Structure formats: C-alpha cells, structure tokens
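This report concerns only the one structure given below.
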2 protein chains.
Amino acid sequence: MYRSPNTLWFRMPTEKCDSCPPNCCDMRGMLSFMILWLLSKKSMYGQELAKEIGKRKGTKPNPGTIYPALKELKNRGLIESNKKGRMTTYQITEEGRKGFQIADEYFFRAFGEIFQDHNLIKTSRKLGCLES
Amino acid sequence: MYRSPNTLWFRMPTEKCDSCPPNCCDMRGMLSFMILWLLSKKSMYGQELAKEIGKRKGTKPNPGTIYPALKELKNRGLIESNKKGRMTTYQITEEGRKGFQIADEYFFRAFGEIFQDHNLIKTSRKLGCLES
DNA sequence: CTTTACCTATTGCATGTCCAATATATTGGT
DNA sequence: ACCAATATATTGGACATGCAATAGGTAAAG
C-alpha cells in the first residue's frame with residue numbers, strides 16, 4: 001500500500017491510491033463526527049458502523065480505531081451501548097444529538113463553501129457549460 | 001479559553017464555545033485542503049490565507065500552524081512561493097490543482113451526504129415543514 | 001464438543017495537527 | 001535614525017488520530 005511519508009494531506013482509500021500523485025493523501029479526524037451522524041439516523045452495532053464508514057471513506061476502520069472512538073463517545077455521554085450476546089448496539093443520546101448539531105453547524109460553516117464549489121463544478125460539467 | 005481534555009471531537013471557535021457542551025469539540029486536519037482550495041481561487045500571501053481560514057474555522061491559525069503547512073505543500077510541489085520585500089505570495093501549481101481535485105472528490109464522497117442532510121434540514125426548517 | 005467464524009475490545013506505536021513562544025526582516029511613521 | 005507594526009519563519013511540545021497486533025467472548029457448523 002502506498003503511504004505518503006510525511007503528509008498534511010488526505011490519505012486516499014487504498015484501491016484508488018495508485019493513480020494518486022505522491023505526497024498528496026492523508027486524512028485524519030472526523031471519525032467521531034461520522035459516527036454520531038450515522039447513529040443519529042439509526043442505532044447500529046460496531047461492525048455495522050465500521051462498514052458504513054468504510055463505504056464512505058474507502059477503507060474500513062480497524063477495531064483499534066472504531067472501538068476506542070466509541071468508548072470515548074460513551075464516556076462523554078454522547079452515545080449509549082447495549083450488549084446482547086456478542087453484539088453491542090450503540091445508540092445516540094439526547095446529549096449526542098445536541099452535540100452533533102453543534103458540530104454540524106461548525107462543519108458547514110468551515111467547509112460548506114467548498115462543497116458548494118464542488119456541486120457547481122459538477123453541475124456545470126453536466127450541463128456542458130464549464131467555460132462560464 | 002475552554003479546552004476539552006481528551007477529545008475525539010471538534011474544537012469550536014473560542015467565542016462560540018461558552019454554550020458548547022463539555023467534551024464535544026475538536027477538529028484537526030483539513031488545513032492543507034483548505035489552503036489549496038483558497039489558492040485554487042486566487043494567489044494570496046500568508047496572512048491573507050490565515051485570515052480567510054480564520055473566517056471559516058472561527059480561529060485564525062497561528063504562524064506555527066500556517067507556515068509549516070505552506071512549507072510542506074511547497075516541498076511537494078503543490079504550491080509555489082514568490083517573495084517580494086516582506087511579502088510572500090503563494091500560488092497553486094498545476095500539480096496542486098490536480099491534487100486538490102482528487103482530494104475534493106474524496107472529501108465529497110466521504111462527507112457529501114452529511115452536507116446534503118444539513119441542507120435538507122435547513123431548507124425544511126425554512127419552509128416550516130420540519131415534521132416531514 | 002471441537003472448530004470456525006465473527007464481534008468486541010485493548011495496547012502500543014507512528015504520525016499528523018496545531019499552538020505558544022520566539023526570532024528575523026521589511027515597511028512606514030515620527 | 002529610531003521605533004512600532006507587520007509579515008514571515010522556526011522550534012518545541014502537547015495531543016488526537018488511526019493502524020497493526022493481539023486477545024477474549026459468543027454463536028453457529030461440523
């Protein structure tokens with residue numbers, strides 16, 4: 001697997017990284033944000049969460065990534081867990097919903113413009129009027 | 001200034017953080033991504049970049065944050081710098097544009113849904129049909 | 001009842017992010 | 001010429017992120 005040596009940049013999903021220019025790929029953070037977002041939609045167990053995150057980030061997070069994050073969120077009262085047999089379902093708390101909303105506002109304020117740009121470019125490409 | 005002790009979460013801008021629940025606020029990463037995005041729009045000098053980032057993130061990055069990031073991007077050939085007097089203008093390279101585009105695709109794939117959710121909620125709130 | 005598979009969980013480590021403090025250089029005002 | 005303001009830049013450190021490796025518990029299959 002390609003791994004940029006010292007990076008301030010996104011780490012792309014492994015499969016896609018072959019065509020990726022060197023020194024261009026790292027991404028940290030946002031894991032708990034995504035977990036809370038997923039749990040705000042429905043309760044899930046750990047592996048289900050990992051799979052959903054993997055679908056979006058391109059790589060499924062390791063156990064050593066996902067479970068400490070869940071533990072931390074639980075310690076803060078943002079999520080709850082419910083063990084039955086070998087499965088543990090995680091669900092968001094009211095506190096967690098509040099927290100997510102605040103973080104979401106912040107995320108949007110910080111990166112919303114970039115997304116709008118992205119959509120603009122995509123749309124104009126679709127319409128074939130990229131020159132404008 | 002409030003600072004959550006051990007956080008997997010967003011760090012909110014200082015001014016807004018008073019009403020922010022404890023242990024709910026950290027954000028790392030994405031700095032270079034935002035720099036490249038800004039420079040893809042127009043060339044800027046360091047303090048101008050810092051100011052623009054501050055507008056979006058809520059806190060203006062320190063010199064010790066912004067200049068190492070610029071140096072790293074330059075080392076990778078994603079940006080170029082041009083010193084005149086005490087000012088140094090930074091501009092994106094062709095390589096940088098390519099790199100940004102790849103990262104942008106990735107970012108959108110990973111977080112696009114969250115933004116669409118955000119917009120949906122905002123719109124329905126504006127229309128007063130939040131119950132749907 | 002053993003084997004296999006799978007979910008959950010912990011530990012240790014490498015690395016990136018970002019701030020505080022500090023230093024240097026250039027410009028403008030007096 | 002001197003001082004203040006401002007831009008650029010470096011260093012050191014604190015801390016969060018996330019992976020690899022490892023281990024234990026539960027359930028299903030043979």
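Keep in mind that this is a model prediction, so the values were computed, not measured.
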>> In the structure I gave you, are the side-chain heavy atoms of A:I66 and A:I35 within less than 4.5 Å of one another anywhere?
In response: yes
> Could you state the NZ-P distance from B:K60 to D:dT6, rounded to the nearest angstrom?
Replying inline: 10 Å
> Which is true for A:G85 with a 4.0 Å heavy-atom rule: it touches a base, it touches only sugar-phosphate, or it touches nothing?
Replying inline: sugar-phosphate
>> Between P on D:dC15 and CD on A:E72, what's the gap in Å once rounded to a whole number?
In response: 14 Å
>> Nearest 0.5 Å, please: how far is CG in A:L78 from OH in A:Y90?
In response: 14.5 Å
>> At less than 4.0 Å, is any side-chain N or O atom of B:N62 found next to OP1 or OP2 of C:dC18? Yes or no.
In response: no
>> Suppose we call a contact any N or O donor and acceptor under 3.5 Å apart; does that hold for the side chain of B:R86 and the base of D:dT6?
In response: yes
> In whole angstroms, how far is the C1' atom of C:dT10 from the CG atom of A:L70?
Replying inline: 14 Å
>> Please confirm whether the shortest side-chain N or O distance from A:K71 to OP1 or OP2 of C:dT10 is below 4.0 Å.
In response: yes
> Tell me: NZ of B:K83 to P of D:dT8, nearest whole Å?
Replying inline: 9 Å
> What is the distance from CE of A:M87 to P of D:dA28, rounded to the nearest Å?
Replying inline: 10 Å
> Less than 6.0 Å separating the ring centroids of B:F107 and B:F111?
Replying inline: yes
>> Can you see if the side chain of A:Y90 gets near the phosphate of C:dA9 - specifically, an N or O under 4.0 Å from OP1 or OP2?
In response: yes
> If you check every side-chain atom of A:P68, which of C:dA9, C:dT10, D:dA9 has the closest atom?
Replying inline: C:dT10
> Could you state the CZ-P distance from A:F33 to D:dA16, rounded to the nearest angstrom?
Replying inline: 19 Å
> Tell me: CE of A:M34 to C1' of D:dG18, nearest whole Å?
Replying inline: 14 Å
> B:Y45 OH to D:dA9 P: how many Å, rounded?
Replying inline: 14 Å
> Does OP1 or OP2 of D:dT26 have a side-chain N or O of A:K84 closer than 4.0 Å?
Replying inline: no
> Can a salt bridge be assigned to the pair B:K41 and A:E113 using a cut-off of 4.0 Å between side-chain N and carboxylate O?
Replying inline: no
> Quick one: do A:K98 and A:E94 make a salt bridge, cutoff under 4.0 Å?
Replying inline: no
>> Measuring from the side chain of A:P63 (C-beta onward, heavy atoms only), which nucleotide among D:dA7, C:dC18, C:dA9 has the closest atom?
In response: C:dA9
>> Below the 4.0 Å mark, does D:dT8 have OP1 or OP2 next to a side-chain nitrogen or oxygen of B:Y67?
In response: yes
>> Please tell me if B:T65 has a side-chain N or O lying less than 4.0 Å from either OP1 or OP2 of C:dT17.
In response: no
> Which one, D:dA7, C:dC18, C:dA9, comes nearest to the side chain of B:L31?
Replying inline: C:dC18
